[in-house]
Number of protein chains: 2
Amino acid sequence: MVTAVETRRQIVDAADSLFYAQGFAQTSFADIAAAVKISRGNFYYHFKTKDEILDAVIDKRLSDRRKLLAKWDETADGARKRIECFVRIVIVNQAKIMAYGCPVGTLTTELAKVDHPSSERANEIMVLFGNWLEQQFLELGCGENSRDNALHVLGWSQGVATLAQAFKDKAYVEREVSKILTWLDCIQAGTDQNRSQ
Amino acid sequence: MVTAVETRRQIVDAADSLFYAQGFAQTSFADIAAAVKISRGNFYYHFKTKDEILDAVIDKRLSDRRKLLAKWDETADGARKRIECFVRIVIVNQAKIMAYGCPVGTLTTELAKVDHPSSERANEIMVLFGNWLEQQFLELGCGENSRDNALHVLGWSQGVATLAQAFKDKAYVEREVSKILTWLDCIQAGTDQNRSQ
DNA sequence: GACGAAATTGGACAATCGTCCTAATTCATG
DNA sequence: CATGAATTAGGACGATTGTCCAATTTCGTC
């Protein structure tokens, strides 16, 4: 049975991948149609405009990231380990990052450049990570420095992704992960006096 | 007198700005023509293809950056102050970075995504900064850590630019500059025993 | 001032873009 | 099996893209 919901989901999935791999502007209706094996005209039934697809993709990404963070909240015990989960994405997703960069950063950058109406909405994914990281640093006892530390780690991830894509250097990514984890230890030692290490 | 060289220079200048503000793919011949106040057809006389304009823009950017680095090599005394010059670009060019991101990072990202033939050439601007920074760290006495430190600062700049564009937060940029300068002091103190501070 | 090269113009071109509409098909329900 | 709604297919549309060419204008040189 072919429902509209299922087809719509396939379109959004394909658009998500293609927007990531090629960029939003470079991806045409024909590209997505070919990926889903559906006629171009069929799009209009599910989405009135290309921007509507973009909004759906952003919604999906927001949902996916929320689920990922919730999983980390459950499985990893302690804020320190949860931050480490975030940091290690650049290693887990290394191959894709080297090919296409960071899915979040590259989209926000592209949309901000052309002042796209959905630019702010795309930024919310960045905000989501920022707030989650801030929460972790608060639990770590960083107090008013939590926001700064959160943005520091978030910015770090964007920088690593950009250079990873440019230089395709696995060792660099791993070194940077080590560096930020060491920094994390310093932060922890400096703010939490109850810990010996 | 209207020479071909002068017109060509105007085209490259306009393309440089537009590629930065809108992205390479989003910028059409018509856009550049309107900026230079020249007929669209005239382009073919100066450039056979759009990719040729891109190559010329990359050459210009490479040349501009080389001049900038040479200026820093002359004016700023000591590697520490030269690195600080690099770091402070994110403050000097704050307005443009918040609007369009980093000119180097956004271009390399865009070209790498679509596997553009000039992608590698665009990366050379990133390499240029990387090698220059490495040289500064060598002079600072970082030895074999110089390359790592250079990529660390380069990645830092990319991360700051990405988040600056997303959040448009001046205070964040300034805090990050302070943080990286503090880090720089630690590096210096750790590698150079002759200094008391 | 006339000549030829240099430089510019405006438009033709095929392809592709996002958008939109109509006809055909699929499918659940009676 | 018949009916009507849901879903899909295929193509038309105007606009825009990069490319290319022929005709025109500009300009230095004799």
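A, B, ... follow the sequence lines: proteins, then strands. Residue 1 opens every chain. From a predicted model like this one, the values you see are computed outputs, not experimental measurements.
Among residue pairs with one or both ends in residues 151-161 of chain B, none qualify as salt bridge (charged side-chain N to carboxylate O under 4.0 Å, His left out); sequence neighbours excluded.
Taking atom CG on A/Asn42 and atom C1' on C/dT26, their separation rounds to 12 Å, with Å as the unit. Atoms OH (B/Tyr44) and C1' (C/dT9) sit 16 Å apart, rounded to a whole Å. Atom C1' of nucleotide C/dG18 and atom CZ of A/Phe47 are separated by 15 Å, given to the nearest angstrom. Residue A/Phe43 contributes atom CZ, which lies 15 Å from atom P of C/dC20 at whole-angstrom precision.
With sequence neighbours excluded, the residues that form a side-chain hydrogen bond (donor to acceptor under 3.5 Å, both in side chains) with A/Glu124 are A/Arg121. By the salt bridge (charged side-chain N to carboxylate O under 4.0 Å, His left out) test, B/Arg175 pairs with A/Asp148, sequence neighbours left out. Considering only residues two or more places apart in sequence or on other chains, A/Arg9 meets the side-chain hydrogen bond (donor to acceptor under 3.5 Å, both in side chains) condition with A/Glu6, A/Asp13.
One finds a salt bridge joining B/Arg82 and B/Glu139 here, because a Lys/Arg side-chain nitrogen approaches an Asp/Glu carboxylate oxygen to under 4.0 Å.
Under a hydrophobic-cluster definition in which Ile, Leu, Val, Met, Phe, Trp and Tyr are linked whenever side-chain heavy atoms come within less than 4.5 Å, directly or via other members, A/Ile97 and B/Val114 are assigned to different clusters.
Counting all heavy atoms, side chain and backbone alike, B/Val87 lies closest to B/Val90 at O-CG2, 3.2 Å.
Contacts between residues 49-61 of chain B and DNA chain C, counted as heavy-atom distances below 4.0 Å, involve no residue at all. Within residues 9-40 of chain B, the residues approaching DNA chain C are B/Ile38, B/Ser39, by heavy-atom distance under 4.0 Å.
Of the inter-residue distances, the one linking A/Leu184 atom CG with A/Asn149 atom CG reads 8.5 Å to the nearest 0.5 angstrom.
In this model, the phosphate group of C/dT8 is not approached by any side-chain N or O of B/Tyr45 to a distance below 4.0 Å at OP1 or OP2.
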